[in-house]
Amino acid sequence: MEIHLVHPVHPRPDEFVGIQEMLRQQVRTNRPLTFSGLSTVAGVDIAYGEQEGMETGFCHIALFKLPSMEIIERAESQGPITVPYMPGFLTFRELPLILDAAQKLQNVPDLFMFDGNGILHPRRMGIATHASFFLGKPTIGIAKTYFKVGETEYLQPAPEKGSFTDIIVGGEPIGRAVRTSAGVKPVFVSPGNQIDLSSATDIALQLTGPDSRIPVPVREADIQTRNMRRR
DNA sequence: GCGACAG
DNA sequence: ATCTTGTCGC
């Protein structure tokens, strides 16, 4: 698929904040999307390892057909990781490999799901949101642990599957703690771009099976990503 | 110096 | 994220 080069893929660290603030003005999270209206969904993830003394990243994108949930395509990429991990700037560390893999896709997914946040971020620019500008498609962020924005803590949702609590910052709901599986830790769902919060929550829940609290597409990418490390 | 900290 | 063994439980 085609990638839109919104800005250089390897900006200097002193440009990080400026890029995030620039893109922030173009985020649109008011569009409803229905699960039944989706034909395909892609799960994206990256694992880390070492090759020849270099920190190396392994990216995998798994494309699912709906509603069969059949995997119709996979795309991978791997290479040295040059940017250190800094909370709030995960995108700059992982985006290069994600775009390398996405560019190889023969099919254009209707939606991408990421391991990490969307607008549940200090500058509303988590990896799912940031990547959407390069992909030109709706995205959703699924984080396994809470990334505190400002002083906002999250309230524990009820133990039943499907329950959730809004995470409100400055009067705006920018994410939800969602119980995707009964009695287990919640996941943190937030719109990346081109989709609203309730649609993102609904889709995340419908794509979560009984085996894991993580939506299937992201879980699949996570599993494949570690297999890559072994070879 | 101390605490916080998506992946 | 990754480093790491066994162990408790369904």
Side-chain angles (χ1 to χ4, degrees), chain A residues 13 16-17 19-20 23-24 27 29 43-61 76-102 112-132 139-154 159 161 167 169 174-178 180-193 197 200-201 204 209-215 217-230:
Chain A
F16 290 179
V17 171
I19 288 171
Q20 293 181 330
L23 291 176
R24 176 178 187 167
V27 178
T29 54
V44 187
D45 194 23
I46 287 182
Y48 296 88
E50 158 267 300
Q51 282 190 354
E52 302 160 28
M54 297 284 285
E55 177 173 36
T56 304
F58 302 86
C59 176
H60 186 99
I61 298 178
E76 301 180 331
S77 66
Q78 63 179 62
I81 295 294
T82 60
V83 179
Y85 170 68
M86 297 176 280
F89 302 98
L90 179 64
T91 298
F92 300 101
R93 177 173 166 82
E94 303 193 336
L95 191 61
L97 281 182
I98 290 172
L99 298 182
D100 272 2
F112 283 87
M113 294 187 82
F114 290 82
D115 191 332
N117 294 307
I119 61 174
L120 178 55
H121 177 282
R123 288 167 294 284
R124 310 296 181 273
M125 199 51 61
I127 191 165
T129 306
H130 202 142
S132 76
T139 60
I140 293 176
I142 304 292
K144 296 183 292 299
T145 62
Y146 183 57
F147 188 28
K148 191 175 177 183
V149 175
E151 298 300 285
T152 306
E153 298 291 355
Y154 76 92
K161 170 171 182 168
I167 296 169
V169 175
I174 60 174
R176 283 174 174 169
V178 181
T180 51
S181 190
V184 301
K185 292 193 306 178
V187 296
F188 303 87
V189 178
S190 61
N193 199 3
L197 178 57
T201 304
D211 300 330
S212 170
R213 72 186 176 107
I214 309 300
V218 177
R219 175 62 180 149
E220 173 62 20
D222 178 70
I223 292 172
Q224 295 307 319
T225 221
R226 321 194 194 201
N227 289 334
M228 290 177 71
R229 220 171 26 178
R230 299 186 43 205

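First the proteins, then the strands, lettered A, B, ... as listed; each starts at 1. Because the structure is a prediction, the values reported are computed rather than measured.
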Look at the side-chain N and O atoms of [X] and state whether any lies under 4.0 Å from the OP1 or OP2 oxygen of [N].
| X | N | answer |
| --- | --- | --- |
| A:R229 | C:dT2 | yes |
| A:K144 | C:dA1 | yes |
| A:T145 | B:dC5 | no |
| A:Y85 | B:dA6 | yes |

How many whole angstroms separate atom [atom1] of [X] from atom [atom2] of [N]?
| X | N | atom1 | atom2 | answer |
| --- | --- | --- | --- | --- |
| A:E50 | C:dC3 | CD | C1' | 13 Å |
| A:Q78 | C:dA1 | CD | P | 19 Å |
| A:R226 | C:dC3 | CZ | C1' | 13 Å |
| A:Q20 | B:dA6 | CD | C1' | 12 Å |
| A:Y48 | B:dA6 | OH | P | 13 Å |
| A:E94 | C:dT2 | CD | C1' | 13 Å |
| A:L95 | B:dA6 | CG | C1' | 15 Å |
| A:R93 | C:dT2 | CZ | P | 10 Å |

Note to self: Say we look at C:dT2 and B:dC5: how far apart would their C1' atoms be, to the nearest angstrom?
What the structure shows: 15 Å
Base, sugar-phosphate, or nothing for [X], non-hydrogen atoms under 4.0 angstrom?
| X | answer |
| --- | --- |
| A:G88 | base |
| A:Y146 | sugar-phosphate |
| A:F92 | nothing |
| A:D115 | sugar-phosphate |
| A:I127 | base |

Note to self: Is there aromatic stacking of A:F188 on B:dA6 here, judged by a ring-centre distance under 5.5 Å and a plane angle under 30°?
What the structure shows: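 No, aromatic ring not over the base.
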Note to self: Please report the interatomic distance CD(A:Q224) to NE2(A:H60), rounded to the nearest 0.5 Å.
What the structure shows: 5.0 Å
Notebook entry, point to check: Looking at CZ of A:R123 and CZ of A:F89, how far apart are the two atoms once the value is rounded to the nearest 0.5 Å?
Noted result: 4.0 Å
Notebook entry, point to check: Quick one: which of C:dA1, B:dC5, B:dA6 gets closest to the side chain of A:P87?
Noted result: B:dC5
Next item on the list: Answer yes if the side chains of A:Y85 and A:E94 hold a donor-acceptor pair under 3.5 Å, and no otherwise.
Entry: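 Not at all, the side chains of A:Y85 and A:E94 share no donor-acceptor pair under 3.5 Å.
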Next item on the list: Indicate whether the side chain of A:S132 and that of A:N193 have a donor and an acceptor atom separated by less than 3.5 Å.
Entry: yes
Notebook entry, point to check: More than 12 non-hydrogen atoms from neighbouring residues, nucleotides or ligands closer than 6.0 Å to NZ on A:K148, yes or no?
Noted result: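 More than 12 within 6.0 Å, yes.
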